[in-house]
Amino acid sequence: MKTNIAVLGAQWGDEGKGKIVDLLTPHFAAVARYQGGHNAGHTVYVDGTKFVLHLILPYHRELDVLSEARRGERKIGTTSRGIGPAYEDKIGRRGIRVCDLVDAPALADEVRENVSARNRMIRDSTLDWKPVYDQLLAFGERMRRWTGDVSLALDEAGRNGQRVLIEGAQGAMLDIDHGTYPFVTSSNATIGGACTGLGIPPSAINGVLGVAKAYLTRVGEGPLPTELFGEMGNRLRESGQEYGASTGRPRRCGWYDAVAVRYAVRINGIDALALTKLDVLDGLEKIDICTGYTVGSRTITDFPSDLNTIGAITPVYESWPGWSAPTKGVRDYASLPAQAQRYIKRLEEVSGVPVGIVSTGSDRAETIVRQDNVVGRWLQ
Ligand code: IMP
């Protein structure tokens, strides 16, 4: 069956996409990541050797740190990996592309121009373009074998009947156009980014799996309507080990926000959810779900598009009973405690899509894949 599936974040990133992609990978011939950089922490182990992936140029990182310092209290809380400045170079039509790395004269011109522009932007900066150029040229040589036209390769895969797993980074609420701007990343984490990032048509995407935690986290600044302060926030942070993968920063924690997930479902065309970290809720007496917001005397059920309204909202919660028997490591749906099944059913109702996968631990085996809905059909 030629079914390409996109996996993307339905919240503010860190939903556990990596585990879901890892789990689904055996069903696909290729995995194609469509946006972002190493703001999404990527560490890969191959035959026992650890590889930490890096993508951007050293001066992008410096510019990122500088730009955050300039914003002061209005800072975004970026990962300091240079993502914003790298995307600025792309949109400013001065970005260095992979194909330039194997074209020495073109690369020399581009690096010289970029470095001198950067030296003008950073006071007292005298960065020499030559070492940057030498390093990039060496990278180009090493990468030459693996460099090519991704759009063409994916088209060929499709014509050969091969399935492609389309992988997003960050999450819908961090999307540059549809997230909580300006507290967002600099790329399109939502589904449109898959077409522009990979050079594939919308018709090549046959299904969209949104990944959402059974609660909610966010790193960095910006609105998080259901944020929990105090004891409950700490409880979720500690049991969920909620510290940023690439920066180690403590994540802000909150209850599941169905308004935000419904928004992600609408703009991405999400068909089903993979619900992660259910086991983190084990042992809680009650669990809240945000189903709407109030603004003054009004109740709203759609995620507002402007920061002023977001700043004025109060979440409306439903309370559900927790469960005492552990869900940790449970591998089939029927073995989940009745209250956990009820909680998931309610999340499906308020989110508007079925839950096809439930993750009950960090190990690949600690997962429930439900055969009775669309996800089961995708993986047949
Ligand atoms: P940047 O992508 O480093 O520019 O950071 C912009 C915003 O996106 C900040 O709030 C970051 O914390 C957030 N962000 C970027 N990448 C990730 C991620 O992989 N997971 C969660 N948050 C992220």
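What you see is a predicted model; the values in this text were computed from it and never measured.
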Whichever hydrophobic residues join Phe229 through chains of side-chain contacts under 4.5 Å: none
Check: Asn268 side chain, Thr190 main-chain N or O, donor-acceptor pair, under 3.5 Å: no
Residues clustering with Val316 (ILVMFWY side chains joined when closer than 4.5 Å, directly or via others): none
Arg331, CZ atom: more than 12 neighbouring heavy atoms under 6.0 Å: no
Intermediate values then yes/no, side-chain hydrogen bond (donor to acceptor under 3.5 Å, both in side chains), Asn119 and Ser116: CA-CA 5 Å; Asn119 283 343; Ser116 84; over 6 Å; no
Which atom of Asp282 lies closest to which atom of Pro326, heavy atoms considered: OD2-CA, 3.3 Å
Heavy-atom donor-acceptor pair, Glu318 side chain to Ile289 backbone, under 3.5 Å: no
side-chain contact (heavy atoms from CB on, under 4.5 Å) partner of Pro182, chosen from Arg71, Arg74, Glu221: Arg71
Student check: side-chain heavy atoms of Leu284 and Met232 closer than 4.5 Å: yes
Neighbour count above 12 (heavy atom, 6.0 Å) for Lys328 NZ: yes
Non-neighbouring partners of Asp22 that pass salt bridge (charged side-chain N to carboxylate O under 4.0 Å, His left out), sequence neighbours left out: Arg364
Residues Lys345 and Glu349 bridged, charged N to O under 4.0 Å: yes
Using distance only, find each side-chain donor-acceptor pair of residues 9-17 under 3.5 Å and give its atom names and separation, not counting sequence neighbours.
unit_1: Gln11; atom_1: OE1; unit_2: Lys213; atom_2: N; d: 2.8
unit_1: Gln11; atom_1: NE2; unit_2: Lys213; atom_2: O; d: 3.2
unit_1: Gln11; atom_1: NE2; unit_2: Tyr215; atom_2: O; d: 3.1
unit_1: Asp14; atom_1: OD2; unit_2: Arg251; atom_2: NE; d: 3.2
unit_1: Glu15; atom_1: OE1; unit_2: Lys17; atom_2: NZ; d: 2.7
unit_1: Glu15; atom_1: OE2; unit_2: Ala10; atom_2: N; d: 3.4
unit_1: Glu15; atom_1: OE2; unit_2: Gln11; atom_2: N; d: 2.9
unit_1: Glu15; atom_1: OE2; unit_2: Gly13; atom_2: N; d: 2.9
unit_1: Lys17; atom_1: NZ; unit_2: Gln170; atom_2: O; d: 2.8

Co-members of Val132 in a cluster of I, L, V, M, F, W and Y side chains, linked at under 4.5 Å: Leu57, Tyr59, Ile96, Val98, Leu101, Leu107, Val111, Val115, Leu127, Trp129, Tyr133, Leu136, Leu137, Phe139, Met143
With Asp302 via salt bridge (charged side-chain N to carboxylate O under 4.0 Å, His left out) - residues at least two apart: none
Residues which pass side-chain contact (heavy atoms from CB on, under 4.5 Å) with Pro223, listed by chain and number, not counting sequence neighbours: Thr180, Phe183, Arg218, Leu307, Ile310
Non-neighbouring partners of Tyr317 that pass side-chain hydrogen bond (donor to acceptor under 3.5 Å, both in side chains), sequence neighbours left out: none
By salt bridge (charged side-chain N to carboxylate O under 4.0 Å, His left out) - contacts of Arg94 (at least two apart): Asp89
Nonpolar side-chain network containing Leu66, other nodes, edges under 4.5 Å: Leu63, Met121, Ile122
Counterpart residues, side-chain contact (heavy atoms from CB on, under 4.5 Å), relative to Asp363 (two or more places apart): Ala365, Glu366
Set of salt bridge (charged side-chain N to carboxylate O under 4.0 Å, His left out) partners for Glu62, sequence neighbours left out: Arg118
